[in-house]
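To keep things clear, I will list the structure first and then write my remarks on it.
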Number of protein chains: 2
Amino acid sequence: MTNRSVITGKPRRPEERPAEILAAALELFAEKGFSATRMDEVAARAGLSKAGVYLYFKDKTALLKALVNEMAGANISVARGIVEAHEGPVSPLVATILAFLAGQVRHTRFPELIKIVISESRAHPEVGQLYLDGVVRQGLPLFEGLIRRGIASGEFRNVDPSFAAKAMLGPMLLAVIWKTVLEPIGAEALDIEAYAAQHAQIFLKGIQS
Amino acid sequence: MTNRSVITGKPRRPEERPAEILAAALELFAEKGFSATRMDEVAARAGLSKAGVYLYFKDKTALLKALVNEMAGANISVARGIVEAHEGPVSPLVATILAFLAGQVRHTRFPELIKIVISESRAHPEVGQLYLDGVVRQGLPLFEGLIRRGIASGEFRNVDPSFAAKAMLGPMLLAVIWKTVLEPIGAEALDIEAYAAQHAQIFLKGIQS
DNA sequence: GTTATTACTGACCGGTTAGTCATAATGGAA
DNA sequence: TTCCATTATGACTAACCGGTCAGTAATAAC
C-alpha cells in the first residue's frame, strides 16, 4: 500500500537503485576523489544504508568500473558518429572534434573520471584496463583514421598518424588536468573552448600540406 | 671507533640520512605510488627503522614535498638556462626544448612525480601548490616568453602565447600519462623522442608565419 | 490473514598503518 | 671511564573504513 519505507521516507524502487547509487558515487568521486569517498557517504547520498549499496554492487571498485564503462561508451560512440558521418575534406573535422571534446571537458564529469582513472589505475588495474580498452583503444584509432584520410586526400602532409593523433589530443589532456588538478588549488581559469580553438588552428596548419 | 650501528651494520652518517631517505622514498613512490607506499618500507630501504625516519621528516607528506621541490628546482633551472642562453631565431628552440623534455620523461622520475602530484593534490593541496608554484608558474611563462619572442621577431604568427605554450606542452603531458599509467597496464610502448620530434615539427609549422 | 519473498539496516569485525614513546645503543668530550 | 647528547629502535595505539551478517520491515502471494 504505502510503498514507502517508514524509516527513510523514500520510496522503494529497486530498479532505480543502481542508477541512483551511481549518480551519488559519481558526484562524490568527482568532489573528493575515489579513495577519499566513503561507502557510507555514497549510501547516504543515494538514500539508503551502506549495506544496501552492497546489494547492488559487489564492492567499491565495481562502482568506479560501472561509471568508467558508462562514460566511455557514451563519448566514444558520439565521437565515432561525428567522424564517420563526415564527408568531404577532413580538415574542418579537426576543429569540430576538438570543439566537441572541449565541450565534454567543460560540461561533463569526463575530466574528473579521467583524473580518477589516472590516480587509481595502479591500485585497480581493471579500471585502467577498462579505460585503455574502452576509450584509448577506441578513440585513438578514430583520430588516426582521420589523419590518414587527410593524408590520402592530399590535405595533410605525410605525418605519422599515431604520433599526430596523440599530438592532437595531448593539449586536451592538459586541459583536463588543468581543470581538475590546478584550478582547484588556485590556478587561473582556462577558457577551454578558446584554447581548443587556438590549438585546432595551430595543429591544422601544422599538418596541412 | 667502529662508527657502525651494531644492529643494522650500516655506518652512522646523520648528514646523509635525509638524502638516503628521499632516495628510498622516490624509488618506492615511483614503483607503487604514494598512498600504497608504507613508511616501514621507506625506512627499510633507507636502512633504518620507521621511527628513525620521523627524526628527519615530520610526516609522510614532508617526503613528497621535499621530492617535488627538489625535482621542480632542478628541471626548471635547466630549462630556463636553455631558453635564456639561446640567441637568434627562436624557431630551433622549439625542437630543442621538446627534445629536452622528452629526455626528462624518458630518463628521470619526473613523470612518476607528476603522476603522484596529480593523484595526491586533492588530499594534499600543499603538494599541488608546490608544483603549481614551482613548475607550472615557472615553466609556462618561460614557454610563453619563447612564443612572444618568435612573434616579435616575425617568425611566428600572432597566436595567443598562453594557449600556444599549453598546446606545446600538452602532448608531452600525454607522454607522461602514457608512460606512467597506460604502459604499465599493457599499452604499446611510446617512442617518446620520436613522438616529441614529430610534435615539434607539427607545432612549429603550425605557429610559423 | 498468514506465509514467503524481497529490500533493507544497525551493529560489528578485522585488517591496516601513520605516527608516538619509553627505552637503548653510540661515540665524542672531559 | 664516565658522562651525555645524539641517534636510533621495538612495541604500541588510535583511528579509520571496506565489507559482512543476523535480523527487521515492506511487499507480494495465497
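Here is how names work: the chains are called A, B, and so on, in the same order as the sequence lines, proteins then strands, and each is numbered from 1. Note: hydrogens, waters and symmetry copies are ignored here, and every other heavy atom, side chains too, is used.
Between A/Arg45 and A/Glu41 no salt bridge is recorded (no basic side-chain N to carboxylate O distance below 4.0 Å). Ionic pairing of A/Arg137 and B/Glu188 is present here: one or more N-O contacts between side-chain nitrogen and carboxylate oxygen are shorter than 4.0 angstrom.
Residue whose closest nucleotide on DNA chain D sits further toward the 5' end, between A/Ala51 and A/Ser35: A/Ser35.
Atoms CZ (A/Arg38) and C1' (C/dT16) sit 13 Å apart, rounded to a whole Å. Atom P of nucleotide C/dG19 and atom CG of B/Asp40 are separated by 12 Å, given to the nearest angstrom. Rounded to whole Å, the distance from CZ on B/Phe34 to C1' on C/dT17 is 13 Å.
Interface remark: the B/Lys50 side chain does form a donor-acceptor pair with the C/dG19 base, using a distance-only criterion of under 3.5 Å.
Comparing C/dT9, C/dG19, C/dC8 by their nearest atom to the side chain of A/Leu48 picks out C/dT9. If you check C/dT17, D/dA8, D/dC17 against the side chain of B/Leu55, the one that comes closest is D/dA8.
Scanning residues 23-33 of chain B for heavy-atom distances under 4.0 Å to DNA chain C yields an empty list. Near DNA chain D, defined here as any heavy-atom distance below 4.0 Å, the residues from residues 59-69 of chain A are A/Asp59, A/Lys60, listed numerically.
A/Val83 has its side chain out of reach of A/Val90: every pair of non-hydrogen atoms, C-beta onward, lies at least 4.5 Å apart. Using a 4.5 Å cut-off on side-chain heavy atoms (C-beta onward), A/Leu130 and A/Val117 make no contact. Proximity of A/Ile114 to A/Ile177: side-chain heavy atoms (C-beta onward) are nowhere separated by under 4.5 Å.
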Point to revise | side chain to side chain contact (heavy atoms under 4.5 Å, CB included) between A/Glu144 and A/Met168, worked out | key: CA-CA 10 Å; A/Glu144 287 171 20; A/Met168 178 174 161; over 6 Å; no
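Contacts classified as salt bridge (Lys or Arg N to Asp or Glu O under 4.0 Å) and involving residues 92-119 of chain B (residues at least two apart or in different chains) are given here: B/Arg106-B/Glu193.
The closest side-chain donor-acceptor pair between B/Glu120 and B/Ser35 falls under 3.5 angstrom. Side-chain contact check for B/Gln198 and B/Gln201: at least one donor-acceptor pair (N or O, by modelled atom type) lies under 3.5 Å.
For the OP1/OP2 pair of C/dA7 and a distance below 4.0 Å, the side-chain nitrogens and oxygens of A/Arg17 include no atom meeting the criterion. Between A/Tyr54 and the phosphate of C/dC8, there is no side-chain N or O to OP1/OP2 separation shorter than 4.0 Å.
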